[in-house]
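A short worksheet on the structure shown next.
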Amino acid sequence: MNTWTFPALTKAGLAACLAAGLAHQTYATLSCRAGHTGFEQRRLRCQNGNIVTYHVRRGAPGGPTAVFEAGLMNTSAAWLLVADHLDPTITVVLTDRAGYRSSLRRCPEDYSLNESVSDLAEIVTEAVEPGSPCVLVGHSLGGYLVHRTAAALPERVHGVALVDPTHPRELLHSRQQREGSRGVNLTMKLGPVSAVLGAGLLLDKKGLFAYAEGSPYYRTLRLEGSATSTWRTARREWDYTYAFMLDGGRPLDRLDVPVSVVAAESTLQGTPEHRDLYEEYLSSGSGGRIDTVSGSSHLSVIGGVEHAPPATTAIEQVVTDAVAHFGRTRQQQGAEPAGAGARRDLEPEKQGEAA
């Protein structure tokens, strides 16, 4: 008769936990490759070799298009709740940067933010009908990326909405932000290894996804947080972005379109100096406003069932302003197609930056 000793039982228990974690991680990774209900999934091979996936929900013919870019460690799924509340006449394009979900990174060069900007510019060029109004919408790091993309496509973009955006100088501008970034840096270093070992099964024990309670996409968001591809891609983006911001980033591009900010209330309350950076975003464009979503946090502003609707209303106002800007531009150009111009070359990163 076999007798189980305490060490043997401990090893068996750990092995069972590891097996459960690995099974969960595999399931999460496979789940992330699925499309979104109501959206057409498309793939684009970019000039740099990346194969990126984006999702399209068509609105009214000839109507405006809103292209959404998610933040660090977030994917197109982060925008699904906002998309549900968006005016159905607006065509919606949700993107997945290279490495997230089913998008593949095949670029042979070291990663830089310019790579993501270039990919997004190619998506906009393919997905948005020439001669129709286009608004770029970005959350967190995605906000900074869409701002740079708008500068690269001056004749295709007619408005920019930045939802609690990352600013390239925020770590130098705010001591609190700089100190908090050290904890994020440690998490990003340990996260990919932990995810490979199946630790994603325990990821939400501290309420990391509490902001999305009640959302129909709560489970999807949790699964994506367990996928190793999510962690690996986030680590790559963070390593570059962290060094980039510690070095002071680069000046914001000047845009000839309205730039608006949708701010989370907790961001402005926790770091009041952040408003200065948001004002800088506004002054980089030809107009715009700052709308604060009451009671919201950095993540709940687009993923919370209470906060996504007012954030969507603010985004819709940016689309309305962009349609008006588009109309004025068409009049000034004698109604020539707005998409007839060539794409502006992407500006290089700041010299001396580490990749």
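Being a predicted model, the structure only gives us computed values, none of them experimental. The figures that follow rest on heavy atoms only: side chains count, while hydrogens, waters and symmetry mates do not.
- Side-chain atoms of H173 come within 3.5 Å of backbone N or O of E273 as a donor-acceptor pair.
- Judged by distance alone, with hydrogens and angles left aside, the side-chain atoms of N50 form no donor-acceptor pair with the main-chain N or O of V52 at under 3.5 Å.
- Y281 and L72 fall within the same hydrophobic cluster, defined by Ile, Leu, Val, Met, Phe, Trp and Tyr side-chain heavy atoms under 4.5 Å apart, directly or through other members.
- Taking the ring centroids of H298 and H139, they lie under the 6.0 Å cut-off.
- Side-chain N/O atoms of D164 and T267 include a donor and acceptor closer than 3.5 Å.
- At least one donor-acceptor pair closer than 3.5 Å links the side chain of S226 to the backbone N or O of R222.
- The backbone N or O of E265 lies less than 3.5 Å from a partner atom in the side chain of S296, making a donor-acceptor pair.
- Counting heavy atoms of neighbouring residues, nucleotides and ligands inside a 6.0 Å radius, atom CZ of R289 exceeds 12 of them.
- In this structure, Y144 has its ring center at least 6.0 angstrom away from the ring center of H167.
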Checklist entry - What do the steps show when you test S112 against N114 for side chain to side chain donor-acceptor pair (under 3.5 Å), and what is the final call? => result CA-CA 5 Å; S112 72; N114 213 42; 5.4 Å; no

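- Taking the six-membered ring for Trp and thresholds of 30 and 60 degrees, F68 and W79 have ring planes inclined between 30 and 60 degrees apart.
- Of the possible donor and acceptor atoms, one in the side chain of T75 sits under 3.5 Å from a partner among the backbone N and O of A77.
- Separation of atoms OH (Y217) and CG (L80) is listed at 5.0 Å; rounding is to 0.5 Å.
- Using modelled atom types, one side-chain atom of R57 and one backbone atom of A83 make a donor-acceptor pair closer than 3.5 Å.
- How far CD of E316 is from CD1 of I90: 5.0 Å, rounded to the nearest 0.5 Å.
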Next on the checklist: Run E40 and H55 through side-chain contact (heavy atoms from CB on, under 4.5 Å) and show every step you take.
Outcome noted: CA-CA 5 Å; E40 175 189 350; H55 314 263; over 6 Å; no

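- Below 30°, between 30° and 60°, or above 60°: for Y240 and Y111 the angle between ring planes is above 60°, a perpendicular geometry.
- Linking Ile, Leu, Val, Met, Phe, Trp and Tyr residues whenever their side-chain heavy atoms come within less than 4.5 Å leaves V124 and L94 in two separate clusters.
- No donor-acceptor distance shorter than 3.5 angstrom exists from the side chain of T241 to the backbone of W238, with no hydrogens or angles considered.
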Next on the checklist: Determine whether V92 and L86 satisfy the following criterion, side-chain contact (heavy atoms from CB on, under 4.5 Å), listing intermediate values before the conclusion.
Outcome noted: CA-CA 9 Å; V92 178; L86 203 63; 3.5 Å; yes

Checklist entry - Could you walk me through whether S76 and D96 pass the side chain to side chain donor-acceptor pair (under 3.5 Å) check? => result CA-CA 6 Å; S76 54; D96 288 312; 2.9 Å; yes

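- Using a 30° and 60° split on the angle between ring planes, H325 and H158 fall in the tilted class, from 30° to 60°.
- No side-chain heavy atom of T230 sits less than 4.5 Å from a side-chain heavy atom of R235.
- Closest non-hydrogen pair, S284 versus D253, comes out as CB-O, 3.6 Å.
- Using a 4.5 Å cut-off on side-chain heavy atoms (C-beta onward), T220 and S215 make no contact.
- By the 4.5 Å heavy-atom criterion applied to side chains, R148 and L113 are counted as neighbours.
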Checklist entry - Could you go step by step and tell me if V160 and V135 meet the side-chain contact (heavy atoms from CB on, under 4.5 Å) rule? => result CA-CA 6 Å; V160 176; V135 172; over 6 Å; no

Item to check | side chain to side chain donor-acceptor pair (under 3.5 Å) assessment of E69 paired with T95 | outcome: CA-CA 6 Å; E69 183 76 291; T95 66; 2.6 Å; yes

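- No more than 12 heavy atoms of other residues, nucleotides or ligands shown are found within 6.0 angstrom of CZ on R175.
- Side-chain contact between I290 and L282: present, with at least one pair of heavy atoms (C-beta onward) separated by less than 4.5 Å.
- Note on ring orientation: taking the six-membered ring where Trp is involved, the planes of H274 and Y278 are perpendicular (angle over 60°, cut-offs 30° and 60°).
- Here the straight-line distance linking atom CG of L145 with atom CG of L141 works out to 4.5 Å at 0.5 Å rounding.
- At a threshold of 4.5 Å between side-chain heavy atoms, the hydrophobic network of Ile, Leu, Val, Met, Phe, Trp and Tyr places L162 and F244 in one connected group.
- The distance from atom CG of L136 to atom CG of L153, rounded to the nearest 0.5 Å, is 7.5 Å.
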Next on the checklist: Would E237 and R97 count as a salt bridge (charged side-chain N to carboxylate O under 4.0 Å, His left out) here? Give the steps.
Outcome noted: CA-CA 10 Å; E237 293 181 342; R97 290 194 298 279; 2.7 Å; yes

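- With a 4.5 Å cut-off on side-chain heavy atoms, T166 and M245 count as touching.
- Both Y218 and Y211 are part of a single hydrophobic cluster, where members link through side-chain heavy atoms under 4.5 Å apart.
- Here the NE2-OG1 distance, from H36 to T53, works out to 9.5 Å after rounding to the nearest 0.5 Å.
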Next on the checklist: Working note: E126 + R42, criterion salt bridge (charged side-chain N to carboxylate O under 4.0 Å, His left out); need CA distance, chi angles, decisive distance, verdict.
Outcome noted: CA-CA 10 Å; E126 177 176 277; R42 298 182 180 180; 5.4 Å; no

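- Across all their heavy atoms, V259 and G285 have their closest contact at CG2-CA, 3.8 Å.
- Under a hydrophobic-cluster definition in which Ile, Leu, Val, Met, Phe, Trp and Tyr are linked whenever side-chain heavy atoms come within less than 4.5 Å, directly or via other members, Y54 and V82 are assigned to different clusters.
- Judged by distance alone, with hydrogens and angles left aside, the side-chain atoms of R178 form no donor-acceptor pair with the main-chain N or O of L246 at under 3.5 Å.
- D247 and R250 are not joined by a salt bridge, as no carboxylate oxygen comes within less than 4.0 angstrom of a charged side-chain nitrogen.
- Contact between L81 and P216 at its shortest, heavy atoms only, is CD1-CD, 4.1 Å.
- With salt bridges taken as basic N to acidic carboxylate O contacts below 4.0 Å, one links R101 and E224.
- Of all heavy-atom pairs between S266 and S297, the closest is OG-CA, 3.1 Å.
- Results of the side-chain contact (heavy atoms from CB on, under 4.5 Å) test with V128 over V56, T91, V67 single out V67 as the only residue that passes.
- Counting only distance, with no hydrogens or angles, the side chain of T312 and the backbone of A308 share a donor-acceptor pair below 3.5 Å.
- Residues A212 and L221 approach most closely at CB-CD1, 3.9 Å, considering heavy atoms.
- Under the 4.5 Å side-chain criterion, counting only non-hydrogen atoms from C-beta, V93 is in contact with I123.
- Closest approach of P133 and G63 over heavy atoms only: CD-O, 4.2 Å.
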Item to check | Trace of the side-chain contact (heavy atoms from CB on, under 4.5 Å) decision for V262 with V293 | outcome: CA-CA 7 Å; V262 182; V293 179; 3.8 Å; yes

Next on the checklist: Set out, in order, the CA-CA distance, both residues' side-chain angles and the distance that settles salt bridge (charged side-chain N to carboxylate O under 4.0 Å, His left out) for R105 and E115, then state yes or no.
Outcome noted: CA-CA 10 Å; R105 185 172 189 268; E115 177 186 320; 2.7 Å; yes

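- With S300 contributing its side chain and G303 its backbone, the two residues share no donor-acceptor pair below 3.5 Å.
- The CD1 atom of I315 lies 9.0 Å from the OG1 atom of T313; values are rounded to the nearest 0.5 Å.
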